[in-house]
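Numbers here simply count residues along the sequence, with the first being 1.
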Amino acid sequence: MHKHQEEWDDAGHDSGHGGDHHHHHEHTQTKSVLNRLSRAAGHLESVKKMVESGRDCSEVLIQLSAVKSAINNVGKIILQDHIEHCIVDAVENNDEKALAELRKAIDRFMK
């Protein structure tokens, strides 16, 4: 199992493969994704503190919107990395299951 797969599994990522599928290549954006997620988590924690301290609702909503945007941007990076690596492999190997899982993941991400 690659280090990347372990990191994603430890973070609660549900690959939908029942744990029996392992990536056979490296993802180039793992470090960037982890850094961005850490920043978003910190930002969300600061929004929580804003609520606890009774800050203006408009300010809270603006900051919450920024957190949502940051998370969406992380999702875009993950999706791009997935397409450039996993899906290229899936197409080369005629892996219809991986392509179906990508469609399902995009549907969930875009909700």
Side-chain angles (χ1 to χ4, degrees):
M1 181 179 292
H2 285 89
K3 183 175 187 237
H4 170 77
Q5 185 69 30
E6 290 170 355
E7 289 170 351
W8 285 81
D9 288 347
D10 289 345
H13 176 258
D14 179 8
S15 65
H17 298 290
D20 62 350
H21 177 81
H22 302 287
H23 295 298
H24 299 291
H25 51 266
E26 295 297 321
H27 287 269
T28 59
Q29 298 297 324
T30 300
K31 186 173 183 178
S32 174
V33 164
L34 292 172
N35 288 339
R36 287 170 180 258
L37 286 172
S38 292
R39 282 196 303 271
H43 196 165
L44 185 58
E45 190 61 35
S46 71
V47 173
K48 181 180 173 189
K49 289 176 183 171
M50 289 175 70
V51 171
E52 289 170 346
S53 67
R55 291 281 293 274
D56 180 72
C57 292
S58 295
E59 292 178 34
V60 171
L61 288 170
I62 289 167
Q63 293 305 311
L64 197 55
S65 176
V67 173
K68 285 172 51 178
S69 178
I71 292 169
N72 282 337
N73 287 334
V74 172
K76 289 175 189 175
I77 292 168
I78 292 170
L79 183 58
Q80 184 68 37
D81 204 42
H82 183 55
I83 289 168
E84 289 176 0
H85 297 94
C86 306
I87 300 307
V88 168
D89 287 353
V91 170
E92 288 174 354
N93 295 311
N94 201 23
D95 184 351
E96 291 295 326
K97 182 178 178 187
L99 297 174
E101 288 173 355
L102 172 63
R103 285 190 289 274
K104 185 170 34 172
I106 290 172
D107 283 345
R108 288 181 181 173
F109 179 67
M110 298 300 287
K111 283 186 179 179

Can you tell me how far apart [atom1] ([X]) and [atom2] ([Y]) are? Round to the nearest 0.5 Å.
{"X": "Arg55", "Y": "Ser46", "atom1": "CZ", "atom2": "OG", "answer": "9.0 Å"}
{"X": "Leu61", "Y": "Lys68", "atom1": "CG", "atom2": "NZ", "answer": "9.5 Å"}
{"X": "Gln29", "Y": "Leu34", "atom1": "CD", "atom2": "CG", "answer": "11.0 Å"}
{"X": "Arg39", "Y": "Leu44", "atom1": "CZ", "atom2": "CG", "answer": "15.0 Å"}
{"X": "Ser58", "Y": "Gln63", "atom1": "OG", "atom2": "CD", "answer": "12.0 Å"}
{"X": "Ile78", "Y": "Ile83", "atom1": "CD1", "atom2": "CD1", "answer": "12.0 Å"}

Non-hydrogen side-chain atoms of [X] and [Y] separated by less than 4.5 Å:
{"X": "Asp89", "Y": "His85", "value": "no"}
{"X": "Lys76", "Y": "Leu79", "value": "no"}
{"X": "Lys48", "Y": "Val51", "value": "no"}
{"X": "His82", "Y": "Leu102", "value": "yes"}

Is there a path of hydrophobic side-chain contacts, each under 4.5 Å between heavy atoms, that joins [X] and [Y]?
{"X": "Ile106", "Y": "Ile87", "answer": "yes"}
{"X": "Val47", "Y": "Leu37", "answer": "no"}
{"X": "Ile62", "Y": "Ile71", "answer": "no"}

**Request:** Of all the heavy-atom pairs spanning Ala40 and Val67, show the shortest one and how long it is.
**Result:**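 In terms of heavy atoms, the two residues are closest at O-CG1, 4.2 Å.
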**Asked** Do you know the tightest heavy-atom contact between Ser32 and Ile77?
**Response** OG-CD1, 4.4 Å
